[in-house]
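What follows is one structure encoded as structure tokens, with my remarks underneath.
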Amino acid sequence: MLKLEQVSKQYQNKVVLDNISIEINKGEIISLLGQSGSGKTTLLNIILGLTKMDKGKIFFEGQDMTSVKMKDRGFNIVFQDYALFPHLNAYENIVYGLKNKKGMVTEEQVADYINFLELKPHLKKKISELSGGQKQRVALARTLVMKPKLLLLDEPLSALDGVIKESIKERIKSIAKELQLTIIIVTHDPEEALTLSDRILIINEGKIAQFGTPHDIIHRPQNEFVKRFIVNQLQIKRQTIFTLFGEQYA
Ligand code: ADP
């Protein structure tokens, strides 16, 4: 349903993305995973329509979107810092984008999204009165009411910790499955990508290092970079967990 064909981008003669070709299915959660500076955000912005690619094509449900403007693509993004309006309360933030889109969603549908994200008790709160997880859920609700055709999330878990992180992860999974919405996530954290995604696109210096399921990536890393980046990091983590808590938890 989303197809990237040989997407390439340079900044000042530096190749940032080099011939990225992938196909993504409806309802899939895909993580773009790589170290800082590997080109993840650039790829996300190209899909969104915010950044122009130098070469390549992007198709959505068979339609060539390469020259389609960002606002006409119907893809929506939740930014890393949520970009909520501090002078509006949670509810006003959620419905803000609907101002000029009367009739796009009914009040019942808005209420459904609010219930789905368990935001009812927080609607009248100022943004500064919300926890990190609540802010993230308001940002998700604000985006979902716009009925995006594709949901893009930039480091959605990086500002959250522990239990909240796990609950937002589950929430993202249920958005994909229950709403059959395709979600593309940028992350630098292998553990997040492995536990959240159906498939992971590992990018190294603008090139695809591997595109596969978490199982494939752990059991069949295609090259030394993937081994180093993923497998070693997880082994170190397992070793730490083993040392601290014993075998049954590692
Ligand atoms: P990541 O999201 O993986 O950290 P980015 O896509 O943000 O990586 O950046 C990839 C490379 O492109 C980096 O070297 C970065 O400095 C460069 N880059 C990103 N945006 C611009 C820009 N607007 N102008 C010049 N260079 C840029």
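All ligand and atom numbering here is 1-based and tracks the order in the structure.
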Subject >> Arg142 side chain to Tyr82 backbone, donor-acceptor under 3.5 Å >> reply: yes
Original post:
Which parts of the protein, at residue level, reach under 4.0 Å of ligand 1 through a heavy atom?
Top reply: Tyr11, Gln12, Lys14, Val16, Gln35, Ser36, Gly37, Ser38, Gly39, Lys40, Thr41, Thr42
Original post:
What ring-ring contact (aromatic ring centres under 6.0 Å, His included) pairs are there with at least one residue in residues 97-145, not counting sequence neighbours?
Top reply: none
Original post:
Any side-chain donor paired with an acceptor under 3.5 Å for Glu155 and His188?
Top reply: yes
**OP:** State whether the side chain of Asn93 and the backbone N or O of Asn89 hold a donor-acceptor pair below 3.5 Å, judged by distance alone.
**Re:** yes
Subject >> Main-chain N/O of Val226 paired with Asn223 side-chain donor or acceptor, under 3.5 Å >> reply: yes
Original post:
Considering residues, nucleotides and ligands other than Glu5, do more than 12 of their heavy atoms fall under 6.0 Å from its CD?
Top reply: yes
